[in-house]
Amino acid sequence: MPALGTLSTGGAAAGVAGLLRLRRGPAVASPLPAAARAGAVHDGGQLVWGRQLRPVLLLPAGLLPSQASKRLPLRPPAASASSEPAGDAKAPGILEKYPAITTGFFFFMWYFLNVIFNILNKKIYNYFPYPYFVSVIHLLVGVVYCLISWAVGLPKRAPINSTLLKLLFPVALCHALGHVTSNVSFATVAVSFAHTIKALEPFFNAAATQFVLGQTVPLSLWLSLAPVVLGVSMASLTELSFNWKGFINAMISNISFTYRSIYSKKAMTDMDSTNVYAYISIIALIVCIPPAIIIEGPQLMQSGLNDAIAKVGLTKFISDLFLVGLFYHLYNQLATNTLERVAPLTHAVGNVLKRVFVIGFSIIIFGNRITTQTGIGTCVAIAGVAIYSYIKAKIEEEKRAKSA
């Protein structure tokens, strides 16, 4: 099972990114002379829970570092290398030789799973309009997936304590609220329109950065958000599926995911992304169950479940819920895997293209009729998000280059 990394703007993976900064201890000078260290294991030799460990000198059993310089024969690197048989050298595999193939695969699977999730999710709402219950199923299937993965050791479960729980709980709470309100919006309006509204998330991110965190947002970023606001406004005015319930819930989702990003930046952990997302999913599931029972429970028991089974059959109903939960978990995991493999700029552009794919495929699959103004507004909003993502990623890269 691949290691999971962050969700980017608009996805559940964005909030995980801030949790993945690794804490590194100070470097310790080796007591061995340079020649004796020729055979040492180099950086990247071992991974535990996604964390790269510092290289370790492999000494004979019982040999102390202080004795190594006296008892180990000093040989030049060339001699050490020549002592190994030439046939033992393992040629790099095609994935090691061409890492772009693996990265491309991650992008493809991220887009594919996201599109399938959105289509299947909307089809379920067409015959089972209970977004709170469906949100619980999304998280429940993901949690079961994580528990099975832990049981077989792929990956090994990272330990957690009260301190980590305090760090992760605000992130999980915002994740749960954003997830539920997104689903309420998807159940109420067209998928394409819901994603158009969610394109406003960068605006809320910039506002929170400026007014909540007190960090100055460059003028260029604010200007790039103008077409986003304009485009969403144009699309909303003439969207045929528009209603206030879907619009307001999509906006609440934007705000929730913005605060998820803020809390993620405050939470630092050595835990790898797969374990981080697993714990966030477990906490979010616990948070989502009570509202689902209170808001939709009585209606589900009275007629909701029976009506859905009568329309599509018990087997299809259960399989649809299971698959949509599985696709939800996997697409979020792949989104973070992708972030771990590429630069922020590449991931930002990829996230914008993903939204274009989802909007385009949803219009084709569901045959949603859109007005010319809605189409133009959607294109303007997506273009604005692309410009914003590009400028923001460039600013982050420049900051890292200065601090390096």
Side-chain angles (χ1 to χ4, degrees), residues 7 11-16 19 117 120-122 124-125 127-148 150 160-189 194 198 244-264 266-267 275-309 317-318 320-329 332:
L7 293 190
V16 181
L19 303 173
F117 162 75
L120 182 56
N121 203 42
K122 185 61 178 180
I124 290 174
Y125 288 135
Y127 68 83
F128 186 68
Y130 296 94
Y132 287 85
F133 179 79
V134 174
S135 298
V136 169
I137 296 299
H138 290 166
L139 295 169
L140 177 62
V141 173
V143 168
V144 172
Y145 179 93
C146 293
L147 294 177
I148 294 174
W150 279 341
I160 192 168
N161 53 38
S162 58
T163 302
L164 287 175
L165 279 175
K166 289 178 182 178
L167 291 175
L168 294 179
F169 183 80
V171 182
L173 182 62
C174 293
H175 177 67
L177 180 59
H179 178 53
V180 170
T181 50
S182 289
N183 277 289
V184 173
S185 179
F186 289 142
T188 309
V189 299
K198 287 173 70 62
W244 283 107
K245 182 179 180 180
F247 180 83
I248 292 173
N249 275 275
M251 296 293 280
I252 294 174
S253 172
N254 286 334
I255 297 173
S256 300
F257 287 141
T258 295
Y259 275 91
R260 182 184 64 182
S261 299
I262 292 175
Y263 286 120
S264 295
K266 295 180 179 180
N275 278 286
V276 166
Y277 187 63
Y279 283 120
I280 287 177
S281 296
I282 293 172
I283 299 171
L285 173 62
I286 296 172
V287 171
C288 286
I289 289 176
I293 294 175
I294 295 172
I295 297 174
E296 296 178 344
Q299 193 174 356
L300 280 174
M301 294 297 101
Q302 182 178 0
S303 60
L305 293 173
N306 292 332
D307 289 346
I309 294 172
F317 179 56
I318 293 177
D320 281 355
L321 290 177
F322 170 76
L323 288 175
V324 77
L326 184 63
F327 284 129
Y328 171 77
H329 181 82
N332 278 299

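Heavy-atom basis, side chains included; hydrogens, waters and symmetry copies ignored.
- Side-chain contact between L168 and I160 is present, with at least one heavy-atom pair separated by less than 4.5 Å.
- Remark: the backbone N or O of G246 is not paired with any side-chain donor or acceptor of T188 at under 3.5 angstrom.
- With contacts defined as side-chain heavy-atom distances shorter than 4.5 Å, the pair L165/Y279 does not qualify.
- For the atom pair Y263 OH and C174 SG, the distance stands at 6.0 Å (nearest 0.5 Å).
- For the atom pair CG of L285 and CD1 of I137, the computed distance is 9.0 Å after rounding to the nearest 0.5 Å.
- Proximity of V180 to C288: side-chain heavy atoms (C-beta onward) are separated by under 4.5 Å at one or more points.
- Looking only at side-chain heavy atoms (C-beta outward), V136 and Y132 stay at 4.5 Å or farther from each other.
- Considering every non-hydrogen atom in both L323 and L120, the closest pair reads CB-CD2, 3.8 Å.
- A donor-acceptor pair under 3.5 Å links the side-chain atoms of N332 to the main chain of Y328, judged by distance alone.
- Here the side chains of F133 and L321 are in contact, with some heavy-atom distance below 4.5 Å.
- Between the side chain of K245 and the backbone N or O of S185, no donor-acceptor pair lies under 3.5 Å.
- At least one donor-acceptor pair under 3.5 Å links the side chain of K122 to the backbone N or O of V189.
- To the nearest 0.5 angstrom, T181 atom OG1 is 12.0 Å from I248 atom CD1.
- In this structure, the side chain of S256 engages the main chain of I252 through a donor-acceptor pair within 3.5 Å.
- You'll find the ring centres of H329 and H138 outside the 6.0 Å limit.
- Considering only heavy atoms from C-beta on, E296 comes within 4.5 Å of P131 through its side chain.
- Heavy-atom minimum distance, I280 versus A172: O-CB, 3.7 Å.
- Annotation for P298 and I293: closest pair CD-O, 3.5 Å, computed over non-hydrogen atoms.
- Distance check, rounded to the nearest 0.5 Å: CD1 of I294 to CD1 of I289 gives 12.0 Å.
- Counting heavy atoms from C-beta on, the side chains of L305 and M301 come closer than 4.5 Å.
- One finds the CG atom of N254 at 13.0 Å from the OH atom of Y259 (value rounded to the nearest 0.5 Å).
- K198 contributes atom NZ, which lies 5.0 Å from atom CZ of F257 (distance to the nearest 0.5 angstrom).
- Side-chain atoms of I309 and Y127, non-hydrogen and from C-beta on, never get closer than 4.5 Å to each other.
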Discussion item. Run the side-chain contact (heavy atoms from CB on, under 4.5 Å) test on L164 and N161 for me, step by step, so that the C-alpha distance in whole Å, both residues' side-chain angles and the decisive distance to 0.1 Å come before the verdict.
Written reply: CA-CA 5 Å; L164 287 175; N161 53 38; 3.6 Å; yes

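- A distance below 6.0 Å separates the ring centres of F317 and F128.
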